[in-house]
Amino acid sequence: MKAVVLVGPGDVQVQEVPDPVIRDPGDAIVEITATAICGADLFPYHGYTPGFESGTILGHEFTGVVREVGPAVRNFRPGQRVVNGSMIRCAACASCRAGRPTQCDERALFGYSGVYPRLDGGQAELVRIPAADLSLGAIPDGVSDESAVFVADILPTGYGAVTRGGVTAGDVVAVVGCGPVGLMAVMCAVHAGATVIAVDGIEERRGLAASLGATSVGPDAARETVNAASGGIGADVVIEAAGAPQALDASLHLARGRGIVSVVGAHFEPDFPLNNLHMFERELTLRFTIGDPTNDREALLGFIGDGAFDPAAVVTHRIPLADAAEAYRMFDAREATKVMLTP
Ligand SMILES: [Zn+2]
Ligand SMILES: [Zn+2]
């Protein structure tokens, strides 16, 4: 089959590789119909992921049709349309049993290696899904594959930013960083009835955020706009979706007293100069969240099916899988906000 392989930093190649096979009784093989490139794919792309193995097939956001199942798979049969969850889990460890699958002892991310045990991803014609009953979700009729791809990762992430930020109707919510995850947070916060101010330096992203119902501004105008919307006290909830220390710092200064800063941008810097004086005087809550497709998949597919929102509105580029190298270059250069690859 053809697969998108990371050979080394900056070197993505579409290669002919062996078809995946069922290894364990709980496995399924899925034929991919749509797969997205995620900002998280850029970390190994730049060589920032320690221990990443050359040859790992990329991709943790995908939909497809079940082609084959192992004898222990109970919930899925060949021919069924499915979406993955970005991470696999064990269902048996203390975190899984407590309903916190993102903290599973045995978690692994599709399309990654090194940080987690190697698990080849779905930017390919076929993918092997371990523990298919836990990892896959059925796509309801009336939800397109392209919309369902978002449920694999970034829609639950944006939704988690909103729910764990405690957003309620009438809140003033600032979203700092309007890449794909930030746009998902904008969509979910608007759906929750908040007044949303979207902050990004890139015009295309501001335009997408505005089309989802936010007031969009550049970073320089963020404070003034938040103050105008909040009677000068600051945002009830600030969602940091940029994954940069400067964005986190800016977010902490946009929140009102006793406000919540809900972080879904990926952070790997070990040190951050947290201003304790500011945190204490303003009584701020700082919260980090990894998207949780396991717990939120059903609700989100329901919202899409009901027409409450459609995450596919943020797809800016649809590119054949064979041209993945160029797609990665464009995505990395921010010439493309959200790229969908089709085998
Ligand atoms: Zn992702
Ligand atoms: Zn577990």
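Counting starts at 1 for both ligands and their atoms, in listed order. No experiment lies behind these values; they were computed from the predicted model shown.
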Handout entry: Atom name, Glu61 (N, O or S, nearest to the Zn ion (ligand 1))
Key = OE2
Exercise for the section: Could you pull out the atom name of the N/O/S atom in Asp153 that is nearest the Zn ion (ligand 1)? Expected result: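 Atom name of the closest N, O or S in Asp153: OD2.
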Problem - Residues Glu68 and Arg77 bridged, charged N to O under 4.0 Å - result: no
Problem - Arg81 with Asp145: basic N within carboxylate O range, under 4.0 Å - result: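 Answer for the salt bridge query: yes.
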Practice task
For the atoms SG of Cys90 and SG of Cys93, give the angle they form at the Zn ion (ligand 2), rounded to 10 degrees.
Solution key: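 Computed angle, vertex at the Zn ion (ligand 2), rounded to 10 degrees: 110°.
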Exercise for the section: To the nearest 10 degrees, calculate the angle at the Zn ion (ligand 1) involving SG of Cys38 and NE2 of His60. Expected result: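 Output for this angle: 110°, rounded to tens.
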Handout entry: Nearest-0.5 Å distance, CG of residue Leu155 to OG1 of residue Thr157
Key = 8.5 Å
Practice task
Evaluate the ring planes of Phe288 and His267, with Trp represented by its six-membered ring, and classify them as parallel (under 30°), tilted (30 to 60°) or perpendicular (over 60°).
Solution key: perpendicular
Practice task
Check Asp153, Asn84, Thr35 against His60 for a side chain to side chain donor-acceptor pair (under 3.5 Å) and give me the one that passes.
Solution key: Asp153
Handout entry: N, O or S from Asp41 under 2.8 Å to the Zn ion (ligand 1)
Key = no
